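So that the names make sense, note that chain A is the first sequence line, chain B the second, and so on, each numbered from 1. Only a predicted model underlies this, so the values are computations on that prediction, with no experimental measurement involved.
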Amino acid sequence: MSQSSVDLPPKGGFSFDLCKRNDMLTQKGLKAPGFLKTGTTIVGLIFQDGVILGADTRATEGPIVADKNCEKIHYMAPNIYCCGAGTAADTEAVTDMVSSQLRLHRYQTGRDSRVITALTLLKKHLFSYQGHVSAALVLGGVDISGPHLHTIYPHGSTDTLPFATMGSGSLAAMSVFEAKYKEGLTRDEGIKLVAEAICSGIFNDLGSGSNVDICVITKGHKEYLRNYMEPNPRTYVSSKGYSFTKKTEVLLTKITPLSERVEVVEVAGEAMEE
Amino acid sequence: MSIFEYNGSAVVAMVGKNCFAIASDRRLGVQLQTIATDFKRISKIHDRVFIGLSGLATDVQTLYQRLVFRHKLYQLREERDMKPETFASLVSAILYEKRFGPYLCQPVIAGLGDDDKPFICTMDSIGAKELAKDFVVSGTASESLYGACEAMYKPDMEAEELFETISQALLSSVDRDCLSGWGGHVYVVTPTEVKERILKGRMD
């Protein structure tokens, strides 16, 4: 076993021990791998009773669609949700981490989390990694001081806005918002506008696609409308299915029967006797 | 040449009715030279969870050993096997820990959860989980595998039909990829048994 006692429960944070080897491989001419990105259109807007967040559902790996229906609206607290664009692993890890920190904070203070707390925790983390943790986020929620909507850039800068878009489809979605947004929208008008903005990203941006997810957060209540709209259903499925004329040739078969799952039943009243 | 193309690999997993199948190719190469035709990419974590790893072969083996170690510790502490969803989160955390100097492999995890419900997921090399209800693919042949699986997959297939579908998808995709092939290794897992089969493919 090597000196560095590996794999005991790590103390958290990143470990850099494979960096030297990966650099050596890159110098030898082997390109570094690409990561799963969420090309993405993510939006948020403030309406009269709270905040509405929206996102598309396509995850890309280079030019290939890796996931046709991924979830980009992440849970942070019962009253706070966050949409993520950029490197998928980074958005997931950073939102999970801050969500856990918020929960511990709620236990400690005994109060509901505030959106600005989540904002500060996220921007501190992202700034300290100087943009290498590539997560662009739209954070929205309703807390004791009202509805809030913020955007966070990978380098750690933030904006507080009444309506916001991020991701590769942000220009397409922003054009819809700039044309049609007004203050004091009702819930239905807000949902319709968010859906329109995401659809504009889905149809005009190649990095976004598939379905529309929407999350409506109001004071004391939230509604996660997963796959609210499915403007790209697969309609060309053949009802006959695929039939294979020639079967695959099998060289060797090994069958391992699995043991029966034993069910342990507690018989009431029979205590252990000494 | 990308680091993933150094050894070559193809791994695919599909969901059936109360069963799942996971398949891989068997070639191990050093760029364009084949050095082994029986490389094991799919490994058992416990009776109902399998992991297939594509990418750099040395990381495939190292990561597998690390995961088995963590699972054994879990078994000692919890006195039971890990659920597939929990195992996927464990793999994701282990990969993300090395965010800036990652393990150069992409895992495909397949398992039978509670109530014999099949679970599959794949990740990129830094642990971004991608859950799917139908199939997941990974490796140098992944682009062909996406196409073949989209065309051939049907929901709710029984074990025998699932085996045939996944084998045809795997063999037709690796035929179009120079770096993977030399047969196939398929595991079909139902609640009562694990059927491991070796397929005959093109040996080029």
Structural part of B:Ser2 lying under 4.5 Å from a heavy atom of chain A: both
Chain A contact via B:Phe100 - side chain, backbone, both or neither, heavy atoms under 4.5 Å: both
Most heavy-atom pairs under 4.5 angstrom with chain A, which of B:Met152, B:Lys154, B:Gln168? B:Gln168
Any idea how A:Tyr129 and A:His125 line up, ring-wise: parallel (<30°), tilted (30 to 60°), or perpendicular (>60°)? tilted
Of the backbone (N, CA, C, O) and the side chain (C-beta and beyond), which part of A:Glu61 lies under 4.5 Å from a heavy atom of chain B, both, or neither? side chain
With a distance cut-off below 6.0 Å to the six-membered ring centre and an angular limit of 45° from the axis, does B:Arg197 pair with B:Phe163 as a cation-pi contact? yes
Taking every heavy-atom pair that is under 4.5 Å apart, which of B:Tyr6, B:Tyr153, B:Tyr187, B:Tyr103 has the most such pairs with chain A? B:Tyr103
So for B:Pro191, is it side chain, backbone, both, or neither that comes closer than 4.5 Å to the heavy atoms of chain A? backbone
Contact class of B:Thr190 relative to chain A, heavy atoms under 4.5 angstrom: backbone
Have A:Asp90 and B:Tyr96 got a donor and an acceptor in their side chains that come within less than 3.5 Å? yes
So for A:Ile64, is it side chain, backbone, both, or neither that comes closer than 4.5 Å to the heavy atoms of chain B? side chain
Would A:Arg58 and A:Asp56 pass as an ion pair if we require N to O under 4.0 Å? no
Engaged part of B:Gln106 at the chain A interface, taking heavy atoms whose separation is under 4.5 Å: side chain
Between chain A and each of B:Gly127, B:Ala151, B:Gly55, count heavy-atom pairs under 4.5 Å; write down the option with the most. B:Ala151
Tell me, side chain or backbone of B:Leu56 under 4.5 Å from chain A's heavy atoms, or both, or neither? side chain
Please test B:Val194 against B:Asp47 for side chain to side chain contact (heavy atoms under 4.5 Å, CB included), starting from the C-alpha separation and ending with a verdict. CA-CA 8 Å; B:Val194 172; B:Asp47 275 341; 5.8 Å; no
Cut-off 4.5 Å, heavy atoms of chain B, and the answer for A:Val65 is backbone
At a heavy-atom separation under 4.5 Å, does A:Lys246 approach chain B through its side chain, its backbone, both, or neither? backbone
Side chain / backbone / both / neither for A:Phe14 at chain B, heavy atoms under 4.5 Å: both
Looking only at the side chains, is there a donor atom on one of A:Thr256 and B:Lys195 sitting less than 3.5 Å from an acceptor on the other? no
In terms of heavy-atom pairs under 4.5 Å with chain B, which of A:Lys20, A:Arg234, A:Glu92 leads? A:Arg234
CD1 (A:Ile42) and OG1 (A:Thr165) are apart, to the nearest 0.5 Å, by 8.5 Å
For residues B:Arg80 and B:Tyr74, determine if any side-chain heavy atom of one lies less than 4.5 Å from a side-chain heavy atom of the other. yes
Would a line drawn from the ring center of B:Phe20 to the ring center of B:Phe119 be shorter than 6.0 Å? no
Under 4.5 Å to a heavy atom of chain A? For B:Ser89 that would be neither
Name the region of B:Leu199, side chain, backbone, both or neither, that has any atom closer than 4.5 Å to a heavy atom of chain A. both
Max heavy-atom pair count under 4.5 Å with chain A, selected residue of B:Thr192, B:Leu131, B:Val137: B:Thr192
Output the option from A:Asn22, A:Leu30, A:Thr26 having the highest count of non-hydrogen pairs under 4.5 Å with chain B. A:Leu30
About how many Å separate CG of A:Leu121 and OG of A:Ser100, when rounded to the nearest 0.5 Å? 11.0 Å
Does any heavy atom of chain A fall under 4.5 Å from the side chain of B:Lys133, the backbone, both, or neither of them? neither
Interatomic distance, CD1@A:Ile73 vs SG@A:Cys215, rounded to 0.5 Å, equals 5.5 Å
Is it true that B:Gln75 and B:His46 share a donor-acceptor pair across their side chains at a distance under 3.5 Å? no
